[in-house]
Amino acid sequence: SRAKEKRNRLSLLLQKSEYNENDDSSNKAEKSPKSTRDSSCECLKWSESLQTLLFHKDGLHAFSNFLRMEFSYENIDFWLACEDYKKTKQSCKLPPKAKKIYEEFIQTDAPKEVNLD
């Protein structure tokens, strides 16, 4: 099923993220069983919704690492730029942000061009 496939991909993503974090020589502190259990519960919630994953600091970090490994990090940058645009309260700031998003992600041969098809 599609849900099972998503869970399998998320599991792979989390394993890759944990592998990268364990490689970091500055990250020597052991996690307590409670924090590991809490992390596992949060991770399970990520499999239910991409939005849940992206709005959780650790989920966003894990997904960003995954996209970096898949050479598609520009997609999360684009999403973050769009989220920032949506949250902008001052209308005078919208046109320059829109222009930056267009130039960085959308126009032909943009530095971080994303596929919008």
Side-chain angles (χ1 to χ4, degrees):
S1 77
R2 188 172 176 115
K4 185 176 180 180
E5 182 181 322
K6 285 182 182 180
R7 278 191 292 276
N8 289 341
R9 286 185 180 177
L10 180 60
S11 174
L12 177 62
L13 167 106
L14 294 172
Q15 288 171 0
K16 286 183 178 181
S17 176
E18 289 169 6
Y19 174 77
N20 287 343
E21 288 175 3
N22 289 339
D23 265 0
D24 184 5
S25 59
S26 65
N27 190 14
K28 296 290 183 189
E30 290 290 321
K31 288 188 173 185
S32 71
K34 183 182 183 329
S35 69
T36 302
R37 193 170 36 251
D38 292 345
S39 299
S40 297
C41 290
E42 285 299 320
C43 294
L44 290 174
K45 290 178 186 175
W46 301 344
S47 68
E48 298 168 8
S49 157
L50 180 61
Q51 189 170 12
T52 302
L53 170 77
L54 295 174
F55 285 111
H56 189 278
K57 181 184 74 141
D58 294 333
L60 179 59
H61 178 75
F63 191 59
S64 296
N65 284 340
F66 172 76
L67 290 176
R68 216 176 271 114
M69 288 185 282
E70 296 296 317
F71 302 103
S72 59
Y73 191 74
E74 67 278 357
N75 292 305
I76 197 71
D77 283 346
F78 176 65
W79 182 81
L80 289 168
C82 291
E83 285 298 304
D84 178 57
Y85 181 87
K86 287 180 358 185
K87 292 175 185 174
T88 302
K89 303 261 190 254
Q90 298 175 339
S91 60
C92 64
K93 292 185 177 184
L94 292 174
K97 285 186 179 194
K99 182 179 183 199
K100 182 179 180 195
I101 290 170
Y102 176 78
E103 290 173 348
E104 192 169 348
F105 302 103
I106 299 171
Q107 76 181 5
T108 304
D109 296 325
K112 295 181 179 179
E113 187 175 2
V114 292
N115 184 356
L116 298 176
D117 292 337

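All heavy atoms count here, side chains included; hydrogens, waters and symmetry mates do not. Along the sequence shown, residues are numbered consecutively beginning with 1.
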Same cluster (ILVMFWY, side-chain, under 4.5 Å), Tyr73 and Leu80: yes
For the student: nearest non-hydrogen atoms of Glu113 and Glu74, plus distance: O-CG, 3.7 Å
SB check Glu103 Lys100 (cutoff 4.0 Å): no
Nearest-0.5 Å distance that lies between atom NZ in Lys112 and atom CD1 in Ile76: 11.5 Å
Residue list, side chain to side chain contact (heavy atoms under 4.5 Å, CB included) with Tyr102, at least two apart or on another chain: Ile106, Gln107
Non-neighbouring partners of Phe55 that pass ring pair (Phe, Tyr, Trp, His ring centres under 6.0 Å), sequence neighbours left out: Trp79
Side chain to side chain contact (heavy atoms under 4.5 Å, CB included) assessment of Lys57 paired with His61: CA-CA 6 Å; Lys57 181 184 74 141; His61 178 75; 5.8 Å; no
Ala62 backbone acceptor or donor facing Asn65 side chain under 3.5 Å: no
Main-chain N/O of Asp84 paired to Thr88 side chain as donor or acceptor, under 3.5 Å: yes
Distance in Å, Phe78 CZ paired with Asn115 CG, rounded so as to fall on 0.5 Å steps: 11.0 Å
Residue pair Pro95 / Cys92: nearest heavy atoms and the distance that separates them: CD-O, 3.7 Å
For Lys97 against Tyr85, the heavy-atom pair lying closest together: CB-CD1, 3.8 Å
